[in-house]
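This report concerns only the one structure given below.
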Amino acid sequence: PDPSSAARLESRTCAEQPCDQDCVLAEAWSAWGACSKTCGGGLQTRTRAVAEEAVGAGACPTSNSPLRKEVQGCAPELCDVDCVLDAAWSAWSECDRSCGGGSQQRTKGVAEAPQGNGSCPAATAAARLESQACNVEVACTVPPVNCVLGGWSEWAACSKTCGAGASKSRTRPVATPAQGKGTCPAVG
C-alpha cells in the first residue's frame, strides 16, 4: 500500500463482543442404550453430544430434541407367558352309566392363550380335567330274560338193538344264557 494512504485512513477495534454462534453437534451418535424391556416391545435411545457450545445468543437444541436424541423400538419378541385358565369349572357331564357306578367329568377352558414359548396344561391334565364317581348308589337291575336254545343235535344211536324199551335222544344247546331271574330248561 501506498504510505500516503495511512494519512487518509485510520482504524481501530470495535464490537469486542463475540458474534452469536449456534452450538455445533458431534457428527457421531452414541451407541444404542439398553432396551427398557427384555421382550414384548421396549424402547432404547442414543444421543449426540455438543462438540462446541453456543456463543452469545446462539441456539442449541435441548437434550430431548430429535437432533440430539433418537428413540427406537427393541425386543419385539413375545414374552414367554403361560396360559390363563378359566376361574370356574364347567358343569359336571352326564354320568356314563345309569347304575352300578360310573364316571363324570368337568373341565376348565383356557381364558388366555400362552404367548411366546409359554405353556398350558393339556386338556387331560388334572389342572383342566376332574373326574368323579357317579350313580354308585344305584343298583343295576336286570330284567328277567329266558335263555335262548340253539338248534337240535343229530339223533343219538338207539339204546338197544332190539326189544321193547329202546330209545334214542337228541339235545339243544343253550345259545344265549338266561339273565336276571330268567329261566332255562334243564337237560334230561
Side-chain angles (χ1 to χ4, degrees), residues 25-50 60-154 170-188:
L25 299 178
E27 290 289 323
W29 288 87
S30 69
W32 287 103
C35 191
S36 62
K37 293 183 179 181
T38 57
C39 61
L43 296 173
Q44 65 185 158
T45 60
R46 69 178 182 173
T47 57
R48 198 156 61 153
V50 174
C60 197
T62 65
S63 60
N64 285 330
S65 163
L67 295 173
R68 290 189 56 194
K69 180 179 182 181
E70 286 186 335
V71 179
Q72 73 175 6
C74 54
E77 310 83 25
L78 289 176
C79 296
D80 294 340
V81 177
D82 291 342
C83 73
V84 175
L85 298 179
D86 291 333
W89 289 95
S90 69
W92 287 103
S93 67
E94 285 191 35
C95 191
D96 62 355
R97 295 194 59 191
S98 60
C99 63
S103 177
Q104 64 185 161
Q105 290 82 34
R106 65 181 183 172
T107 59
K108 273 193 176 186
V110 176
E112 293 178 30
Q115 295 179 10
N117 289 321
S119 65
C120 198
T124 55
R128 293 189 54 198
L129 176 69
E130 282 188 339
S131 295
Q132 71 177 8
C134 54
N135 291 335
V136 175
E137 68 286 346
V138 180
C140 292
T141 55
V142 178
V145 176
N146 293 335
C147 72
V148 175
L149 299 176
W152 288 103
S153 67
E154 293 294 321
R170 64 180 181 169
T171 60
R172 292 176 73 185
V174 175
T176 305
Q179 295 181 12
K181 294 188 179 189
T183 60
C184 196
V187 176

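None of these values were measured; they are calculated from a predicted model. Residue indices begin at 1 and follow the sequence shown.
A 4.5 Å side-chain heavy-atom check between Cys147 and Pro185 finds at least one atom pair inside the cut-off. With a 4.5 Å cut-off on side-chain heavy atoms, Val174 and Leu149 count as touching. Using a 4.5 Å heavy-atom threshold, the side chains of Val50 and Pro61 count as separate. Considering only heavy atoms from C-beta on, Cys140 comes within 4.5 Å of Arg97 through its side chain. Two residues are said to be in side-chain contact when any heavy atoms from C-beta on lie closer than 4.5 Å; Ser119 and Asp82 meet this criterion.
For CD of Glu137, the number of neighbouring non-hydrogen atoms (other residues, nucleotides, ligands) closer than 6.0 Å is greater than 12. Within a 6.0 Å radius of CG in Asp96, more than 12 heavy atoms belonging to other residues, nucleotides or ligands are found.
Between the side chain of Arg106 and the backbone N or O of Ala91, no donor-acceptor pair lies under 3.5 Å. The backbone N or O of Gly42 sits nowhere less than 3.5 Å from a side-chain atom of Ser36 that would complete a donor-acceptor pair.
With no hydrogens or angles considered, a side-chain donor-acceptor pair links Gln44 and Gln72 at under 3.5 Å.
Atom CH2 of Trp89 and atom CG of Leu129 lie 7.0 Å apart (nearest 0.5 Å). Going from atom CG of Asn117 over to atom CG of Asp80 covers 4.5 Å, rounded to the nearest 0.5 Å. The CD atom of Gln105 sits 4.5 Å away from atom OG of Ser93, with the distance rounded to the nearest 0.5 Å. The CZ atom of Arg128 sits 6.5 Å away from atom SG of Cys83, with the distance rounded to the nearest 0.5 Å.
Scanning all heavy atoms of the two residues, the minimum distance from Ala111 to Asp86 falls at CB-OD1, 3.3 Å. Here the shortest heavy-atom pairing between Trp29 and Glu70 reads CH2-CG, 3.5 Å. For the residue pair Lys69 and Thr45, the shortest heavy atom distance occurs at CE-CG2, 3.8 Å. The two residues Asn146 and Thr183 make their nearest non-hydrogen contact at OD1-N, 2.7 Å. Smallest separation of non-hydrogen atoms from Arg68 and Thr62: CD-O, 3.6 Å. Pairing each heavy atom of Gly102 with each of Cys95, the nearest pair is CA-SG, 3.8 Å.
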One pair to check against side-chain contact (heavy atoms from CB on, under 4.5 Å): Val110 and Leu85. What are the steps and the verdict?
CA-CA 4 Å; Val110 176; Leu85 298 179; 4.1 Å; yes
Passes side chain to side chain donor-acceptor pair (under 3.5 Å), Gln104 versus Gln132? Steps please.
CA-CA 6 Å; Gln104 64 185 161; Gln132 71 177 8; 2.8 Å; yes
